[in-house]
Asker: 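One structure follows; several queries about it will come next.
Worth saying up front: this structure is predicted, and the values here are computed from it rather than measured. Lettering follows sequence order; numbering is per chain, from 1.
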Protein chains: 2
Amino acid sequence: MQPSQTAYVILGMLSIHPNQSGYHIRKTIECTVNYFWSESYGQIYPTLKRLAAQGLIVACPSAFPGARQRREYSLTAAGQACLQEWLAQPYRDHPPRDEFLLKLFFGGEVPPSVSIGHIRDFREKNRRLLATLLELETLAHGHNSQHPQFQFWMLTLSFGLAQIRSALEWSESALAMLSARSD
Amino acid sequence: MQPSQTAYVILGMLSIHPNQSGYHIRKTIECTVNYFWSESYGQIYPTLKRLAAQGLIVACPSAFPGARQRREYSLTAAGQACLQEWLAQPYRDHPPRDEFLLKLFFGGEVPPSVSIGHIRDFREKNRRLLATLLELETLAHGHNSQHPQFQFWMLTLSFGLAQIRSALEWSESALAMLSARSD
DNA sequence: ACACACATGTAATTGGTTACATGATTTC
DNA sequence: GAAATCATGTAACCAATTACATGTGTGT
């Protein structure tokens, strides 16, 4: 049985930061790749068990004696190899599903104010996301610029920033276009 | 039981173009919203049955006597209302999962050539998509520019084009950055 | 004492893809 | 008459979310 995508995020996160618990892995995901990836506990914990059973990760006793009760995991050599093998495979993109664009596409069925509202929501979400990513950028520069993976983190980050900025520009022109029509 | 997203695409597609069969609906989706939405027959046919049972659509006899055996559907008043109600609700975005970015994020675990390959794939896919959308744009202008929904189609299309162009620009700078490092 | 964050897990359900199965009609 | 496309559907499976359930340690 081949690992799921969830398995690979876990392997990847353990490769750049060993000795993480399920809880910790989720937090790491949340504050690093959250703008293009997310995981729920309902996926993480069962996957950790399966990976351990397959020998791709091992539970290791916590290094800090006073720590809470938790299971910390690290990659095995097999796990590292498995991750690298997956990384070398061509990526697959799942079919897209964007409810925002779908509602906008059918915008002719409802008053223009509805679509204008959706676009304003969209713009607001992107503004917030932009702020988050900019924060992440300064944080990353301060703490991790020596890490060997640093340039790749910057690459994904700059992609996110480019997409968001393009989305914000589009939002403005779209709002201008719809407002001109409805007034 | 509330309709799924699939149900709403079907209602929407029937609202802009009545008397479509399941097969036809899928084709319509493929050549209009495919860059941000997709559906499989495995979803469409069961959903059509359910929508008909709920009275949101009706099967109508084919207008063309010589036509093949097929079930064509149209919106009922209830279906139209249901669609409009949904359109007026705030959109929800599902948690993102981008395998390309994930592999790039872990790029430090493998030789740079691997990530360069992924980015080249990504650029190639975006180039093809750009060509498709440009084709779609000219087609749409020629055939449908009188349709009341036209401006909304253009809005989603221009969004797609903006995102793709931004992705292509990023690809070039990313490749430049990685090539400089690896040579 | 209370609230909050830490921490782990299971069960139910949803939403969806893919593969399978079948057959009609058109076009070459 | 063969191949392609039109056309409809089911079954198996999978990936993932959400809600539920439970308990501990820390800070105020």
Asker: Taking atom P of C:dG9 as reference, at what distance in whole Å does atom CZ of A:Arg26 sit?
Answerer: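 The distance from CZ of A:Arg26 to P of C:dG9 comes to 15 Å, rounded to the nearest Å.
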
Asker: CZ of B:Arg70 versus P of C:dT25: gap in Å, rounded?
Answerer: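 B:Arg70 atom CZ is separated from C:dT25 atom P by 12 Å.
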
Asker: OH of B:Tyr8 versus P of C:dG16: gap in Å, rounded?
Answerer: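 To the nearest whole Å, that distance equals 12 Å.
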
Asker: Within this structure, what is the CZ-to-P distance between A:Arg97 and D:dA16, rounded to whole angstrom?
Answerer: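 For the pair A:Arg97 CZ and D:dA16 P, the rounded distance is 15 Å.
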
Asker: Report the nucleotide, chosen from C:dG16, D:dG9, C:dT17, that has the shortest atom-to-atom distance to any side-chain atom of B:Ser38.
Answerer: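 The answer is C:dT17, which lies nearest to the side chain.
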
Asker: With no hydrogens and no angle check, just 3.5 Å: does a side-chain donor-acceptor pair link B:Gln43 and B:Thr6?
Answerer: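 Judged by distance alone, the side chains do pair up.
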
Asker: C:dT8, OP1 or OP2 - any side-chain N/O from A:Lys49 closer than 4.0 Å?
Answerer: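 No.
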
Asker: Of the candidate nucleotides D:dT8, C:dT18, D:dG9, which contains the atom at the shortest distance from the side chain of B:Ser40?
Answerer: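 Of the candidates, C:dT18 comes closest.
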
Asker: Under 4.0 Å between any heavy atoms, over every strand shown, what does B:Gly22 touch: base, sugar-phosphate, or nothing? Just pick one.
Answerer: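 Sugar-phosphate: the residue B:Gly22, judged by heavy atoms under 4.0 Å, touches backbone atoms but no base.
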
Asker: Using atom types as modelled and distance alone, determine if a side-chain donor or acceptor of A:Trp170 lies under 3.5 Å from a backbone N or O of B:Leu155.
Answerer: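 Confirmed, A:Trp170 side chain pairs with B:Leu155 backbone.
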
Asker: Would you kindly give the CD1-to-P distance between B:Ile44 and D:dT10, to the nearest whole Å?
Answerer: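 Those two atoms, CD1 and P, are 14 Å apart.
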
Asker: Of all the choices, D:dA7, C:dC6, C:dG16, which nucleotide is nearest to the side chain of B:Ser21 once you look at every atom?
Answerer: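 The listed nucleotide nearest to B:Ser21's side chain is D:dA7.
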
Asker: Could you work out which one of C:dA7, D:dA16, C:dG16 sits closest to the side chain of A:Gln5?
Answerer: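 Closest nucleotide among those given: D:dA16.
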
Asker: Checking contacts here: which listed nucleotide (C:dA7, D:dA16, D:dT8) is nearest the side-chain heavy atoms of B:Tyr45?
Answerer: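 Among C:dA7, D:dA16, D:dT8, the one nearest the side chain of B:Tyr45 is D:dT8.
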
Asker: How many Å lie between CD on B:Glu99 and P on D:dA15, as a whole number?
Answerer: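 After rounding, the reported distance stands at 12 Å.
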
Asker: Below 30° counts as parallel, above 60° as perpendicular, anything between as tilted: where do the rings of B:Trp153 and A:Phe105 land?
Answerer: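 The rings of B:Trp153 and A:Phe105 lie parallel, inter-plane angle below 30°.
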
Asker: Any idea which of C:dG16, D:dG9, D:dT10 is nearest the B:Arg71 side chain?
Answerer: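 For B:Arg71, the side-chain atoms sit closest to D:dG9.
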
Asker: Let me know, please, whether B:Pro95 or B:Tyr73 comes out on the 5' side of the other along DNA chain D by nearest nucleotide.
Answerer: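 Per heavy-atom nearest nucleotide, the more 5' residue is B:Tyr73.
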
Asker: For C:dT18, does OP1 or OP2 lie under 4.0 Å from any side-chain N or O of B:Gln43?
Answerer: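 No, B:Gln43 has no side-chain N/O under 4.0 Å of OP1/OP2 on C:dT18.
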
Asker: Salt bridge or not for A:Glu39 and B:Arg97, using N-O below 4.0 Å?
Answerer: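 Counted as a salt bridge, because a side-chain N and a carboxylate O are separated by less than 4.0 Å.
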
Asker: Could you tell me how far apart B:Ile25 (CD1) and D:dA7 (P) are, to the nearest whole angstrom?
Answerer: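 The answer, rounded to whole Å, is 12 Å.
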
Asker: Within this structure, what is the CH2-to-C1' distance between B:Trp37 and C:dG15, rounded to whole angstrom?
Answerer: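 Spelled out: CH2 on B:Trp37 to C1' on C:dG15 is 11 Å.
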
Asker: Looking at C:dT8, D:dA7, D:dA16, which one has an atom nearest to any side-chain atom of B:Tyr23?
Answerer: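 The answer is D:dA7.
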
Asker: Pick the closest DNA chain D nucleotide for B:Lys27 and for B:Leu48 by heavy atoms, then say which residue is nearer the 5' end.
Answerer: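 Its nearest nucleotide lies further toward 5', so the answer is B:Lys27.
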
Asker: Side chains of B:Gln20 and B:Glu72: any donor to acceptor distance under 3.5 Å?
Answerer: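 No, no side-chain donor-acceptor pair sits under 3.5 Å.
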
Asker: With the side chain counted from C-beta on, respond yes when A:Gln80 and A:Ser15 share a heavy-atom pair under 4.5 Å apart, and no when they do not.
Answerer: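 They are in contact (side-chain heavy atoms under 4.5 Å apart), so the answer is yes.
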
Asker: Side chain of A:Thr6: nearest nucleotide among C:dG15, C:dC6, D:dA16?
Answerer: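 Of the options given, the side chain of A:Thr6 lies nearest D:dA16.
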
